[in-house]
Engineer: 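Take a look at this one; I'll ask things after.
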Amino acid sequence: MSQATSATGGASYAAAGVDIEAGDRAVELMKEWVKKTQRPEVLGGLGGFAGLFDASALKRYERPLLASATDGVGTKVDVARRLGVYDTIGHDLVAMVMDDIVVCGAEPLFMTDYICVGKVHPERVAGIVKGIAEGCVLAGCALVGGETAEHPGLLGPDDFDVAGAGTGVVEADRLLGADRIRTGDVVVAMASSGLHSNGYSLVRHVLFDRAGMELEQQVDELGRTLGEELLEPTRIYSLDCLALTRTTDVHAFSHITGGGLAANLARVVPDHLHAVVDRSTWAPGAIFDLVGKAGRVERLELEKTLNMGVGMMAVVPGESVDVALATLADRGVDAWVAGEITERGDHATGAALTGDYAS
């Protein structure tokens, strides 16, 4: 009997590898987690064709601007698959989406997800959604819907990928960005929780293919197994950044993701100005040194691929620095003054790193 043939000899969806009943079971398992993310503006429940959000809540804004973003978590999903740990990768997804949205000063409102699998394992899918829901709670947004797609033949039975899209809102006259930045502004760095969700193609190549390390391997420098380090969830800064907008005159944020610190900071610096960041103000975590040494990766290559210990940056006026640092400290965010905004010279780019990292 062929793979796509039923017991009676006729073709069927199930015999082709798609299990609708397993998909229904996954939806039932994830409902309790989605419910934890609900905001008062959300209408209806899980299972409809579209998620509903009551836009009348935006009437309190004079001129509301909607901000949207979409992203995934890259090849970090391979680490989750290999370890059989599925309830942390959702934190990464929410961080990648909602921390992009908050950069312009927008409040995260709602998010949808897309989970693509080779075979639906209900508990596994529910675990992924659990992580997404927990991330949404940390970001202050609702998870209003999503899609689970089963792609037998294209993906292996244990393979999966996740992506998501989100929406936020900001008052037009509170929009943050390059036009607010001035000479003398200060760059405040916020510590990352580790690698976050960028550069894993390099990390996996270096640690697995070149160094021959194992995920279950205890690594003294890390104080835990390699797998535990690599699956450390991405820090979600959304509510921390919004707190800064309430207590200080923030001019801009920069989410440090793919491309590294300098390239992402340069995205919010106006053409006539330059951001100078001093490496000596912090020491990157042990995982960055491990990747560099194991693969003999040059520092500039590391810096344009990984976050080097900084997950988010805020640009604030000099007089706001103390309040900004105090606000972040109260929220448990390790933060420090890392640089400043200067006039751009003839050879300057948008942002640059100077000095050597603290030891």
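Along the sequence shown, residues carry numbers from 1. The analysis underlying the following values was restricted to heavy atoms, covering all of them including side chains, and did not include hydrogens, waters or symmetry mates.
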Engineer: Distance-only, no hydrogens or angles: does the Glu343 side chain make a donor-acceptor pair with backbone N or O of His274 under 3.5 Å?
Structural biologist: no

Engineer: Donor-acceptor pair, distance only, cut-off 3.5 Å: does the side chain of Asn264 make one with the backbone of Ser254?
Structural biologist: no

Engineer: Can you tell if the side chain of Ile89 reaches within under 4.5 Å of the side chain of Val77, non-hydrogen atoms only?
Structural biologist: yes

Engineer: Between Phe288 and Leu195, is any pair of side-chain heavy atoms under 4.5 Å apart?
Structural biologist: yes

Engineer: Salt bridge check, Lys293 against Glu221: does any charged N sit closer than 4.0 Å to a carboxylate O?
Structural biologist: no

Engineer: So, Arg180 side chain and Leu175 main chain: donor-acceptor pair closer than 3.5 Å or not?
Structural biologist: yes

Engineer: Establish whether Val129 and Met98 are linked, either directly or via other cluster members, by ILVMFWY side-chain heavy-atom contacts under 4.5 Å.
Structural biologist: yes

Engineer: Show your working on side-chain contact (heavy atoms from CB on, under 4.5 Å) between Met96 and Asn198 and close with a plain yes or no.
Structural biologist: CA-CA 9 Å; Met96 290 298 99; Asn198 299 104; 4.0 Å; yes

Engineer: Taking C-beta and beyond as the side chain, do Val333 and Arg235 meet within less than 4.5 Å on heavy atoms?
Structural biologist: yes

Engineer: Heavy-atom distance under 4.5 Å between the side chains of Leu83 and Glu216, does that happen here?
Structural biologist: yes

Engineer: Checking Asn307 side chain against Gly194 main chain: does a donor-acceptor pair fall under 3.5 Å?
Structural biologist: yes

Engineer: State, yes or no, whether a side-chain contact exists between Val103 and Leu176 at a heavy-atom distance under 4.5 Å.
Structural biologist: no

Engineer: Working to the nearest 0.5 Å, report the span between CD of Glu228 and CG of Leu222.
Structural biologist: 10.0 Å

Engineer: Does the distance from a Lys or Arg side-chain N to an Asp or Glu carboxylate O, for Arg81 and Asp159, drop under 4.0 Å?
Structural biologist: yes

Engineer: Taking Arg182 first and then Asp185, would you say they form a salt bridge - that is, a charged N and a carboxylate O separated by under 4.0 Å?
Structural biologist: no

Engineer: Around atom CZ of Arg204, are there more than 12 heavy atoms from other residues, nucleotides or ligands closer than 6.0 Å?
Structural biologist: yes

Engineer: Considering only heavy atoms from C-beta outward, does the side chain of Val337 approach that of Leu325 to under 4.5 Å?
Structural biologist: yes

Engineer: I'd like to know if the side chain of Ser193 reaches the main chain of Pro233, judged simply by a donor and an acceptor atom lying under 3.5 Å from each other, with no hydrogens or angles considered.
Structural biologist: yes

Engineer: What do you reckon, are the aromatic ring centroids of Tyr86 and Phe160 less than 6.0 Å apart?
Structural biologist: yes

Engineer: Please check if the number of heavy atoms outside Asp158 that lie under 6.0 Å from its CG is greater than 12.
Structural biologist: yes

Engineer: Counting distance only, does the side-chain N/O of Lys130 pair as donor-acceptor with the main-chain N or O of Gly90 below 3.5 Å?
Structural biologist: no

Engineer: Atom CG in Asp99, atom SG in Cys241: separation rounded to 0.5 Å?
Structural biologist: 6.5 Å

Engineer: When you measure from the side chain of Trp282 to the backbone N and O of Met308, does any donor-acceptor pair fall under 3.5 Å?
Structural biologist: yes

Engineer: Is Ser238 reaching over with its side chain to a backbone N or O of Ala139, donor-acceptor style, under 3.5 angstrom?
Structural biologist: no

Engineer: Tell me the closest heavy-atom pair linking Pro108 and Leu242, and the distance in Å.
Structural biologist: CD-CD1, 3.8 Å

Engineer: When you measure from the side chain of Glu303 to the backbone N and O of Gly260, does any donor-acceptor pair fall under 3.5 Å?
Structural biologist: no

Engineer: Compare all side-chain heavy atoms of Leu207 with those of Leu290 and state whether any distance is below 4.5 angstrom.
Structural biologist: yes

Engineer: Is there a side-chain contact between Tyr114 and Thr70 (heavy atoms, below 4.5 Å)?
Structural biologist: no

